[in-house]
Amino acid sequence: MSGELEMTKLDLKPGTTLKIKGRIADEADGFVINLGHGTDKLGLHFNPRFKESTIVCNTRDGNWGKEHRDSHLCFSPGSQTKVTLAFHSDEFKVELPDGYELTFPNRLGYSHLSYLCVKGGLQVSSLKLN
């Protein structure tokens with residue numbers, strides 16, 4: 001497993017785009033990108049799972065919401081990757097390395113985000129906010 005990147009006290013507003021580049025560890029089973037207000041208040045939990053060949057998206061407001069699964073998995077262990085996350089008032093858009101776009105609703109209605117965490121098998125080399 002690779003390290004963990006955690007940022008708090010952010011002030012991300014709708015229209016913000018976050019670009020994350022990094023290397024997926026050779027032995028990785030997957031990785032996680034969380035956006036929200038803290039570990040138990042997640043507007044977006046983005047979790048590619050290699051053994052299941054799926055991407056799981058979810059929310060967490062104390063408890064997990066209903067999982068949304070997408071089988072378009074274009075990540076692989078040992079590779080460089082880039083993920084672009086766009087935060088909108090009604091949804092999150094995630095652009096995968098091959099250009100495929102995954103959309104997930106802003107179920108909790110967040111109007112700003114203060115928390116970002118990247119953990120698991122992704123070692124972040126670059127982080128850019130627009």
Side-chain angles (χ1 to χ4, degrees):
M1 289 292 227
S2 294
E4 181 174 321
L5 170 71
E6 189 173 41
M7 300 174 76
T8 59
K9 299 182 183 176
L10 299 171
D11 189 21
L12 308 179
K13 294 184 172 39
T16 301
T17 301
L18 176 64
K19 293 181 183 178
I20 299 173
K21 292 181 183 178
R23 183 179 184 285
I24 300 171
D26 295 333
E27 74 284 356
D29 292 332
F31 62 91
V32 173
I33 300 173
N34 288 326
L35 285 168
H37 292 286
T39 57
D40 280 343
K41 300 278 187 185
L42 302 175
L44 175 65
H45 168 78
F46 176 78
N47 179 208
R49 298 178 183 175
F50 302 141
K51 288 183 179 178
E52 297 177 41
S53 296
T54 193
I55 296 171
V56 174
C57 292
N58 207 342
T59 53
R60 184 169 177 90
D61 191 12
N63 296 304
W64 289 108
K66 183 179 178 187
E67 287 186 348
H68 168 80
R69 290 176 173 256
D70 193 306
S71 61
H72 188 93
L73 188 69
C74 62
F75 303 99
S76 59
S79 65
Q80 295 290 327
T81 194
K82 176 175 87 169
V83 179
T84 303
L85 301 105
F87 168 48
H88 301 283
S89 58
D90 60 341
E91 65 187 5
F92 296 89
K93 290 189 177 185
V94 184
E95 184 180 333
L96 305 183
D98 66 353
Y100 179 82
E101 191 172 82
L102 185 149
T103 302
F104 184 74
N106 182 359
R107 293 177 180 164
L108 302 179
Y110 286 153
S111 58
H112 81 283
L113 303 171
S114 59
Y115 176 79
L116 166 69
C117 181
V118 181
K119 61 183 177 178
L122 180 62
Q123 183 66 47
V124 175
S125 60
S126 172
L127 179 70
K128 183 177 180 183
L129 293 170
N130 288 330

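This chain uses plain numbering: 1 for the first residue, then up along the sequence. Note: hydrogens, waters and symmetry copies are ignored here, and every other heavy atom, side chains too, is used.
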Under the criterion side-chain contact (heavy atoms from CB on, under 4.5 Å), I'd like the reasoning laid out for Leu85 against Phe92: C-alpha separation, chi angles, the key distance, then a yes or no. CA-CA 7 Å; Leu85 301 105; Phe92 296 89; over 6 Å; no

Please tell me if the side chains of Val83 and Phe75 come closer than 4.5 Å, counting only heavy atoms from C-beta onward. yes

Side chains of Asp61 and Arg107, heavy atoms from C-beta outward: is any pair under 4.5 Å? no

Nearest 0.5 angstrom please: Thr81 OG1 to Lys21 NZ, how far? 11.0 Å

For the residue pair Pro48 and Phe31, establish whether any side-chain heavy-atom pair is separated by less than 4.5 Å. yes

Heavy-atom closest pair, residues Ser89 and Pro14: N-CB, 3.7 Å

Rounded to the nearest 0.5 Å, what separation is found between the CG atom of Leu122 and the CZ atom of Arg23? 10.5 Å

How long is the span from the CD atom in Glu52 to the CG atom in Asp29, to the nearest 0.5 Å? 10.0 Å

Could you see if Met7 belongs to whatever hydrophobic cluster contains Leu42? Use Ile, Leu, Val, Met, Phe, Trp, Tyr and a side-chain cutoff under 4.5 Å. no

Go through the steps for Asn130 and Lys19 under the test side-chain contact (heavy atoms from CB on, under 4.5 Å), then give the verdict. CA-CA 8 Å; Asn130 288 330; Lys19 293 181 183 178; 4.1 Å; yes

May I ask whether Leu18 and Tyr100 are part of the same hydrophobic cluster, defined by side-chain heavy atoms of I, L, V, M, F, W, Y residues being less than 4.5 angstrom apart, directly or through others? yes

Rounded at 0.5 Å granularity, tell me how far OG in Ser111 sits from CG in Leu12. 11.5 Å

Give a yes or no answer on whether the side chain of Thr8 reaches the backbone of Tyr115 with a donor-acceptor pair at less than 3.5 Å. no

Nearest heavy-atom neighbours spanning Ala28 and Gly121: CB-CA, 3.7 Å

Please say yes or no: joined through hydrophobic side-chain contacts below 4.5 Å, possibly via intermediate residues, are Phe87 and Leu108 part of one cluster? yes

How about Ser76 and Ile24: do any of their side-chain heavy atoms sit closer than 4.5 Å? no

Hey, what do you get for CZ (Arg49) to CZ (Arg69), rounding to the nearest 0.5 Å? 5.0 Å

Are Phe104 and Phe46 an aromatic pair, judged by ring center distance below 6.0 Å? no

Give me the atom names and distance for the closest heavy-atom approach of Pro97 to Cys74. CD-SG, 3.5 Å

NZ/Lys119 to CG/Asn47 distance, rounded to the nearest 0.5 angstrom? 9.5 Å

For residues His112 and Asp11, determine if any side-chain heavy atom of one lies less than 4.5 Å from a side-chain heavy atom of the other. yes

Report yes or no: do Val56 and Leu35 belong to one cluster of Ile/Leu/Val/Met/Phe/Trp/Tyr joined by side chain heavy-atom distances under 4.5 Å? no

Apply side-chain contact (heavy atoms from CB on, under 4.5 Å) to the pair Leu113 and Leu10, showing each step before the final yes or no. CA-CA 7 Å; Leu113 303 171; Leu10 299 171; over 6 Å; no

Do Ile55 and His72 touch side chain to side chain, with heavy atoms closer than 4.5 Å? no

Does Ile20 share a hydrophobic cluster with Leu5, counting links as ILVMFWY side-chain heavy atoms below 4.5 Å and allowing steps through other members? yes

With a 4.5 Å heavy-atom cut-off, do His37 and Ser114 have their side chains touching? yes

Can you tell me which residue among Asn34, Ile33, Thr59 is in a side chain to side chain contact (heavy atoms under 4.5 Å, CB included) with His45? Asn34

Check whether the side chains of Arg60 and Asn58 place a donor and an acceptor atom closer than 3.5 Å, and report yes or no. no

